[in-house]
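One structure is given here, and the rest of the page talks about it.
Chain A is the first sequence line, chain B the second, and so forth, proteins listed ahead of strands; every chain is numbered from 1. What's counted below: heavy atoms across the whole structure, side chains too, no hydrogens, waters or symmetry copies.
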There are 2 protein chains.
Amino acid sequence: MNVETALQKLKEKGYKRTKQRERILEIFVKQDQYIAAKEILKEIQNDFPGVSYDTIYRNLYMLTDVDILEATELGGEKHFRLGCDTHGHHHHFICTTCGKTKSIEFCPMDSINENLNGYDVENHKFEIYGKCPQCH
Amino acid sequence: MNVETALQKLKEKGYKRTKQRERILEIFVKQDQYIAAKEILKEIQNDFPGVSYDTIYRNLYMLTDVDILEATELGGEKHFRLGCDTHGHHHHFICTTCGKTKSIEFCPMDSINENLNGYDVENHKFEIYGKCPQCH
DNA sequence: GTTTAAATCGTAATGATTATCAATTAACTT
DNA sequence: AAGTTAATTGATAATCATTACGATTTAAAC
């Protein structure tokens, strides 16, 4: 997804176009990996020295809410990445050194639902951690 | 696993037997679910009004390190549960209301390694969240 | 240009976790 | 059974990510 597509999606949902949001989206479009919230803050501060924590966190959660970003917890910190909606539901290998990800086109839930009769599945998480070929 | 077995395991590794550790282990043996660190703190404070944060966190991490406990992150807080070493490697369904878990005797990694040539897998996480039959 | 709700700023509060160091204690030694 | 020693704990403060909030600014609809 590119920045304009994302902003268009926001507009449809009634959100305004702001310089801060553009800048946040740019960062994610440029980097195909999970990024910690504080990293985003640092980057944005280059262009907007006075950005508020509030602005960053509110937008990251909002963007996750409208499925533009995906969120996960790595090392006790919330991380975000651009949702890869070009292909369907999938999971990720995440490099513990550089943070880059590799898509895993396989979802364990497909073959598991028969074992969960009576259980109401709301969500699931499947992540693989390790070293990518470059960092290995 | 029971408290004595766990303490025996600790002794073998050179850790001392303390009242606080016994008490921590008792809590986990009694409850088959993930418990937040702060809940443990609260419980222990009933018996040891002056327990230190340090004592709780240090022991929880140490017990995780020697494979007596398992750790995960739920809702931004670290949670721990007794490792279920009676059966082999497996995963969990976790009830988002009561916290109870159900074992999933299936590991997606078994059928996925062929897709990760060149990648060094260190770890993985597969958790299913939802409502258990009692809370549904 | 006016209007208005949304968004941001500036700053403070919260809350879990980590750190420090002196005092205490478990368990080994003689 | 007392002495020794290193591990463990207690008390407290610091850290750090995240959340909260009122005042100000801004996007965009009219």
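We find that CG of Leu10(B) is positioned 13 Å from C1' of dA7(D), with the value rounded to whole Å. If you take CD1 of Ile56(B) and P of dG10(D), they are 8 Å apart, rounded to a whole angstrom. Rounded to whole Å, the distance from CD on Gln8(A) to P on dA28(D) is 12 Å. Remark: C1' of dT17(C) and CD of Glu77(B) are 11 Å apart, rounded to the nearest angstrom. Counting to the nearest Å, the P atom of dA20(D) and the CG atom of Asn59(A) are 16 Å from each other.
Proximity of Arg58(B) to the phosphate of dT9(D): a side-chain N or O atom is located under 4.0 Å from OP1 or OP2. When the side-chain nitrogen and oxygen atoms of Gln20(A) are compared with OP1 and OP2 of dC9(C), one or more of them lie within a distance under 4.0 Å.
Ring-plane geometry between His89(B) and His91(B) is classed as perpendicular, the angle between the planes exceeding 60 degrees on a 0 to 90 degree scale with a lower cut at 30.
For the helix from dG1(C)-dC30(D) to dT30(C)-dA1(D), the angle separating the two terminal helix axes comes to 30°, with each axis derived from five pairs and the value rounded to 10°.
Taking a 4.0 Å limit (strictly below) on heavy-atom distances, residues 21-51 of chain B reaches DNA chain C at Ala37(B), Lys38(B). Contacts between residues 12-19 of chain B and DNA chain C, counted as heavy-atom distances below 4.0 Å, involve Lys16(B), Arg17(B), Lys19(B).
Within the 4.5 Å cutoff, the side chain of Glu77(B) has no heavy atoms near those of the Tyr34(B) side chain. Counting only heavy atoms from C-beta outward, the side chains of Glu127(A) and Leu74(A) approach each other to under 4.5 Å.
Along DNA chain C, the nucleotide nearest to Thr55(A) and the one nearest to Glu73(B) differ in position, and the one closer to the 5' end is contacted by Thr55(A).
In this structure, the ring pair (Phe, Tyr, Trp, His ring centres under 6.0 Å) partners of Tyr119(B), at least two apart in sequence or on a different chain, are Phe93(A). Shown here are the ring pair (Phe, Tyr, Trp, His ring centres under 6.0 Å) partners of His136(A), two or more places apart in sequence or in another chain: there are none.
Although no hydrogens or angles enter the test, the distance criterion places no donor-acceptor pair under 3.5 Å between the side chain of Ser103(A) and the main chain of His92(A).
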Review item, nucleotides 18-20 of chain C N/O atoms under 3.5 Å of protein N/O:
residue, atom, partner, partner atom, Å
dT18(C), OP2, Tyr61(B), OH, 3.0

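Using a 4.5 Å cut-off between side-chain heavy atoms of Ile, Leu, Val, Met, Phe, Trp and Tyr, with links allowed through other members, Met62(B) and Phe48(B) fall into the same hydrophobic cluster. Residue Leu69(B) is grouped with residue Tyr57(B) when hydrophobic side chains (ILVMFWY) are merged at heavy-atom distances under 4.5 angstrom, including chains of intermediate members.
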CA sep, side-chain torsions, deciding dist, call: Glu39(A), Lys42(A), salt bridge (Lys or Arg N to Asp or Glu O under 4.0 Å): CA-CA 5 Å; Glu39(A) 297 298 328; Lys42(A) 256 196 279 181; 3.8 Å; yes

Show, in sequence, the C-alpha distance, side-chain angles and deciding distance for Arg17(B) and Glu4(B), and conclude whether the salt bridge (Lys or Arg N to Asp or Glu O under 4.0 Å) test is met. CA-CA 10 Å; Arg17(B) 176 184 192 121; Glu4(B) 282 309 320; 2.9 Å; yes

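Across every non-hydrogen atom of Arg21(A) and Asn59(A), the tightest pair is NE-OD1, 2.6 Å. Contact record, Thr64(B) with Ala71(B): CG2-CB, 4.1 Å, taken as the closest heavy-atom pair.
Salt bridge status for Glu26(B) with Lys19(B): absent, with no side-chain N to carboxylate O gap under 4.0 Å.
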